[in-house]
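A quick note: this is a predicted structure, and the numbers were derived from the prediction, not measured.
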Amino acid sequence: VETCKSQVGSGALPIETLASAALKLRPPGARKQTAKKLRTLSAALRALPTPVIGRIHEDALWLDLRCLDDEAAFAEDLAALAP
């Protein structure tokens, strides 16, 4: 878990941010492999029953937790991704 800045909005408040926390996921491996793994993981998260949208930054997938409402459902969905 890392501290981050969460964007408030895009229309009326395009540069306003709030302090937040993010789940920062960084797969092991060489940088070239990491980028592919991050894109694959990002696509899998977007395909969940409740899509999860993150951003790839600094060789990691960041999931901002500011708007997380149902932690149990989120954990269940993540567990479903495990091989």
Side-chain angles (χ1 to χ4, degrees):
V1 176
E2 293 277 340
T3 59
C4 68
K5 297 283 186 180
S6 184
Q7 187 174 350
V8 173
S10 58
L13 301 168
I15 59 172
E16 286 292 316
T17 59
L18 294 172
S20 187
L23 183 59
K24 184 177 171 183
L25 306 171
R26 179 174 295 160
R31 186 173 185 166
K32 190 173 188 179
Q33 294 170 334
T34 296
K36 182 178 180 182
K37 289 177 183 178
L38 289 173
R39 288 190 304 271
T40 301
L41 176 58
S42 181
L45 289 169
R46 287 192 310 270
L48 289 171
T50 301
V52 176
I53 310 299
R55 67 183 177 100
I56 297 174
H57 177 66
E58 298 176 348
D59 295 326
L61 179 63
W62 295 64
L63 304 177
D64 189 340
L65 301 175
R66 180 172 65 96
C67 296
L68 179 61
D69 289 329
D70 189 347
E71 293 171 21
F74 176 64
E76 264 184 50
D77 283 347
L78 288 182
L81 293 177

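Closest of all the heavy-atom pairs between Ser20 and Asp64 is OG-OD1, 2.6 Å. Shown here for Ala44 and Leu81, the closest heavy-atom pair between the two residues is CB-CD2, 3.9 Å. Nearest heavy-atom pair across Ala22 and Cys4 is CB-SG, 3.8 Å. The heavy-atom pair separating Trp62 from Glu2 by the smallest distance is CZ3-CB, 3.8 Å.
With Arg66 contributing its side chain and Gln7 its backbone, the two residues share a donor-acceptor pair below 3.5 Å. When atom types are taken as modelled, the side chain of Ser42 and the backbone of Leu38 share no donor-acceptor pair closer than 3.5 angstrom.
Leu25 CG to Lys37 NZ: the interatomic distance, rounded to the nearest 0.5 Å, is 13.0 Å. Interatomic distance, CG of Leu61 versus CG of Leu63, reported as 4.5 Å (0.5 Å rounding). The CG atom of Leu48 lies 11.5 Å from the CD atom of Glu76; values are rounded to the nearest 0.5 Å. Separating the CZ atom in Phe74 from the CG atom in Asp69 is a distance of 12.0 Å, to the nearest 0.5 Å. For the atom pair NZ of Lys5 and CG of Leu18, the computed distance is 8.5 Å after rounding to the nearest 0.5 Å. For the atom pair Leu45 CG and Asp77 CG, the distance stands at 9.0 Å (nearest 0.5 Å).
More than 12 heavy atoms of other residues, nucleotides or ligands lie within 6.0 Å of CD1 in Ile53, so this atom counts as buried by the packing criterion. Within 6.0 Å of CD in Glu71 there are 12 or fewer heavy atoms belonging to other residues, nucleotides or ligands.
By the 4.5 Å heavy-atom criterion applied to side chains, Ile56 and Arg39 are counted as neighbours.
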Report the C-alpha distance between Lys24 and Val1 in whole Å, list the side-chain angles of each, state the deciding distance to 0.1 Å, and finish with yes or no for side chain to side chain contact (heavy atoms under 4.5 Å, CB included).
-> CA-CA 6 Å; Lys24 184 177 171 183; Val1 176; over 6 Å; no
